[in-house]
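Working notes for the structure below.
Computation of the quantities below employed the complete heavy-atom set of this structure, encompassing side-chain atoms and omitting hydrogens, waters and symmetry-equivalent molecules.
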Amino acid sequence: MVAVRFCDDVTYRQKDKTLDLKVMGLSKRRKGKVMFVDCSFCSLTALPVHLLHLEYLEELHMEGNFICSLPSEISQLKNLRVLYLHENLLSCVCRDLGRLSQNLRSLDLSHNPFKCPEQMQDVLHRLHGLRELRLYRLDLKELHDFICKNLFRLEILGLSDNSLTALPSEITNLLFLREIYLNNNLFQFFPAGLGKLPHLEIIDVGRNQIVTVSDYDCGSSWKKLFVAFNRLSSFPRSLCKFGRLTVLDVSSNSLTRLPHCFRALRGLVDLALSNNMLRTFPAQICMLNSLHVLYLKNTGLKELHPNVVNLQNLCVLDLSQNSLTDFPMEILSLVHLEDLSLDDNQLRAVLSIPAGIQSLSKIKNLGLSGNQFSTFPTAVCELLLLEKLYLGQDQGMKLHSLPQTITQLTKLKELYLDNNNLVGLPNSIGKMQRLQVLDLHNNKLKALPKTIGCLTGLKKLYLQTNNLSSLPVDFSNLRNLGILTLTENPMTAPPLEVCEQGAEAVVRYLKEKICRGANCLKIQAWWRGTMVRKKLGPFKEPGTTKSGKDSKDKDKDKTHKGKDKRAPNKKNA
């Protein structure tokens, strides 16, 4: 749909590649009042000429098309403030774009096959009024110094997914810069000069090759820092001097410990330390009372620190892919937890999940996949607000059955039980009517209960690699089912060729089967009525009635038997 906004209202019109203003319903009187046009993903190959005459146009979205070049007439859009051209086929930028420097505030040229990035930058540095500039995925190898000299009003600069190895020293000219995105480049050292920008709050240098962060690289205004997927072997102590950090992501580095001064980051709300070989739970974290989110996935933990109970504001805790053998009892004190992941640990027995887990009454998402459970941990069924439960066992011991009490989880929306040895499901599963996703692939199911047809909200059902040969006809009630997988099952009803066509074909097949069954019942009822009305004897199921000849022979036999009985009586008379 093409969106058009006037000064005082918004209208939506059917997509039209020519974008004739008359077709869009714009009278001549209102042509000059159009302020916003969205033509994104309309398969356009050029900027529509009609748009170049909208003198009041302020925001233009042309992303996701096939535009190869910009016309020089684009300079006529004197009031244009926002221009999105990402995901097109631009090979160059016309110099007339630089004449929009008076009002243009936001420009996105990302993901275009520019032949000469230097020529593009030569045009961009003329746009002195820019506040936001996004140049993602352009294979930039260098950011020219005149960009930083002339675009000194920039507040957001996006340069992720390029081939940059450094920033020019003139980056310090961007005194108003608030956000910079340098993710997925080739930096080996933390970009120098960022610590001198007084208003910089968000820095993303993830997925580079940074080995260290020096003291003079850090800034006192930083609030969010992303340094994930680098090569840091030690945490930069200089970061601990600034207590304004609220989000810190240093996951997937080579950290083995945290410095003692880490406890000074009392304002942290979101902390990610996953994929570092810490081996022991850092005691400094227990001092961060403001933490809401803590990621410690794959950090070699065998137990938690006793002072974890101090993290009373924690809502999300990820301890997956560690070496925990027992359920950490310290977690039971974190009563505000909503998301807990213990996947791929070594929890050994059902008793590892204590009955006291019900104290975590706010839990909505629980991950227990890949552990050593031999039977279903029934204590989980006491978490009545649970919406997502993961118990797939691609590694570890396998579950053979589900308890009837699982139906207590009436608010469950997603249930993952893949890679187990389940041979059946409880009949009461039909009570879990809020289920939207049910993953049962790679089990040993032989049949599904009829009550599965009560799960009318089900949208995704994974049943591949089981022992199913048929589906119950009540399965046709699953009108919202969008994804159904039945491959690698010995299916006969529906046949395999129908199953391969997806959920819609399967449901249609079963509905037709129900209709055929209903027609058979009608025929039987008609036949029964006909037999009774014509006094042809009691009704018998079609196919069991004997032929007419056999019936006559039977009647004759009855007559002869009757005569034989009466004959002696006549003689005596």
Side-chain angles (χ1 to χ4, degrees), residues 81-86 97-98 100-110 117 120-138 140-208 210 213-228 230 236 238-239 241-249 267 270:
R81 299 174 64 87
V82 177
L83 177 59
Y84 288 168
L85 289 164
H86 53 280
L97 182 66
L100 298 177
S101 61
Q102 185 175 359
N103 288 309
L104 195 61
R105 296 292 183 267
S106 180
L107 176 63
D108 192 342
L109 294 172
S110 305
M120 175 198 64
Q121 295 189 61
D122 187 45
V123 175
L124 295 183
H125 85 272
R126 303 177 186 179
L127 300 172
H128 305 293
L130 275 183
R131 303 292 196 273
E132 301 178 10
L133 177 60
R134 295 173 176 85
L135 301 173
Y136 302 124
R137 201 173 176 184
L138 297 180
L140 289 175
K141 294 178 174 60
E142 180 184 6
L143 182 67
H144 288 178
D145 55 359
F146 50 75
I147 291 286
C148 300
K149 289 179 180 179
N150 296 331
L151 305 185
F152 55 88
R153 291 189 178 90
L154 275 180
E155 297 177 9
I156 298 176
L157 178 58
L159 296 167
S160 296
D161 299 296
N162 283 292
S163 301
L164 299 172
T165 57
L167 296 179
S169 59
E170 288 78 7
I171 193 74
T172 55
N173 290 346
L174 304 181
L175 297 178
F176 298 98
L177 197 66
R178 293 184 293 105
E179 303 175 19
I180 187 166
Y181 300 92
L182 300 167
N183 182 59
N184 197 20
N185 276 281
L186 301 175
F187 291 97
Q188 293 184 352
F189 301 97
F190 195 89
L194 296 185
K196 298 179 181 179
L197 301 178
H199 298 291
L200 191 60
E201 296 180 352
I202 301 176
I203 308 98
D204 185 354
V205 289
R207 296 186 181 277
N208 280 278
I210 298 172
V213 180
S214 60
D215 289 346
Y216 58 83
D217 286 332
C218 301
S220 59
S221 61
W222 294 359
K223 291 184 178 180
K224 299 180 181 181
L225 176 61
F226 302 90
V227 204
N230 277 282
S238 53
L239 280 176
K241 298 177 183 178
F242 311 117
R244 297 190 64 186
L245 274 178
T246 59
V247 177
L248 177 60
D249 186 355
D270 191 327

(Q) For Leu200, is there any backbone N or O sitting under 3.5 Å from a side-chain donor or acceptor partner on Ser221? (A) yes
**Prompt:** Checking Asn173 side chain against Ile171 main chain: does a donor-acceptor pair fall under 3.5 Å?
**Reply:** no
*asked:* Do Tyr181 and Ile203 make a side-chain contact, defined as non-hydrogen atoms from C-beta onward lying under 4.5 Å apart?
replied: no
Nearest heavy-atom approach of Val123 to Leu97 is CG1-CB, 4.2 Å
Task: From CA spacing to verdict: side-chain contact (heavy atoms from CB on, under 4.5 Å), Leu194, Leu167 - done: CA-CA 9 Å; Leu194 296 185; Leu167 296 179; 4.2 Å; yes
Q.
Treating Asn208 as the side-chain partner and Gly206 as the backbone partner, does any N or O pair qualify as donor plus acceptor under 3.5 Å?
A. yes
Counting only pairs under 3.5 Å, give me each side-chain donor-acceptor contact of residues 140-150, with atom names and distances, residues two or more places apart or in other chains.
residue : atom : partner : partner atom : Å
Lys141  : NZ   : Asp139  : OD2          : 3.2
Asn150  : ND2  : Phe146  : O            : 3.3

The side chain to side chain contact (heavy atoms under 4.5 Å, CB included) partner of Tyr84 among Leu109, Asp108, Leu107 is Asp108
Going by heavy atoms in the side chains, are Ser163 and Leu186 under 4.5 Å from each other?
yes
Walk me through it: do Leu248 and Phe226 pass the test side-chain contact (heavy atoms from CB on, under 4.5 Å)? CA-CA 6 Å; Leu248 177 60; Phe226 302 90; over 6 Å; no
For Leu124 and Leu151 the tightest heavy-atom approach is O-CD2, 3.5 Å
**Message:** Check whether Arg105 reaches the backbone of Asn103 with its side chain - one donor and one acceptor, N or O, closer than 3.5 Å.
**Reply:** yes
Nearest heavy-atom approach of Pro198 to Leu175 is CG-O, 3.7 Å
Between Ser101 and His128 the two heavy atoms that sit nearest each other are CB-N, 3.8 Å
**Message:** In the structure I gave you, are the side-chain heavy atoms of Cys218 and Val213 within less than 4.5 Å of one another anywhere?
**Reply:** yes
- Sub-4.5 Å side-chain heavy-atom contact between Leu239 and Trp222: yes
- Query: Does some side-chain heavy atom of Leu104 sit less than 4.5 Å from a side-chain heavy atom of Leu130?
  - Reply: yes
_Please determine whether side-chain contact (heavy atoms from CB on, under 4.5 Å) holds for the pair Phe187 and Thr165, giving the CA-CA distance in whole Å, both sets of side-chain angles, and the decisive distance to 0.1 Å._
CA-CA 4 Å; Phe187 291 97; Thr165 57; 5.7 Å; no
When rounded to the nearest 0.5 Å, the distance separating CD1 of Ile202 from CD of Glu179 is 4.0 Å
- Query: Between Asn230 and Ala228, is there a donor-acceptor pair closer than 3.5 Å when you use the side chain of the first and the backbone of the second?
  - Reply: yes
- Query: Under 3.5 Å, side chain of Thr246 to main-chain N/O of Lys223, donor-acceptor pair present?
  - Reply: yes
Arg134 with Glu132: basic N within carboxylate O range, under 4.0 Å: yes
d(Arg207 CZ, Asp161 CG) to nearest 0.5 Å is 9.5 Å
Where the side chain of Asp249 meets the backbone of Asp270, is there a donor-acceptor pair that is under 3.5 Å apart? no
_Less than 4.5 Å apart, side chain to side chain, heavy atoms only: is that true for Leu133 and Ile156?_
no
Exercise for review: With side-chain contact (heavy atoms from CB on, under 4.5 Å) as the test, would you mind laying out the steps for Asn183 and Val205 before giving the verdict?
Suggested key: CA-CA 5 Å; Asn183 182 59; Val205 289; over 6 Å; no
Exercise. Is there a donor-acceptor pair under 3.5 Å between the side chain of Asp204 and the backbone N or O of Gly158?
Worked result: no
So CD of Gln102 and CZ of Arg81: to nearest 0.5 Å the spacing works out to 10.5 Å
For this session: May I ask you to say whether Glu155 pairs ionically with Arg178, meaning some side-chain N is under 4.0 Å from a carboxylate O?
Result: yes
Contacts of Ser214 meeting side chain to side chain donor-acceptor pair (under 3.5 Å) (sequence neighbours excluded), chain-then-number -> Asp217
- prompt: Taking atom CZ of Arg131 as the centre, does the number of heavy atoms from other residues, nucleotides or ligands within less than 6.0 Å exceed 12?
  reply: yes
With Pro191 as partner, the option from Leu159, Leu164, Leu182 fulfilling side chain to side chain contact (heavy atoms under 4.5 Å, CB included) is Leu182
Discussion item. Looking at Ser110 and Tyr136, would you say the former's side chain and the latter's main chain have a donor-acceptor pair under 3.5 Å?
Written reply: yes
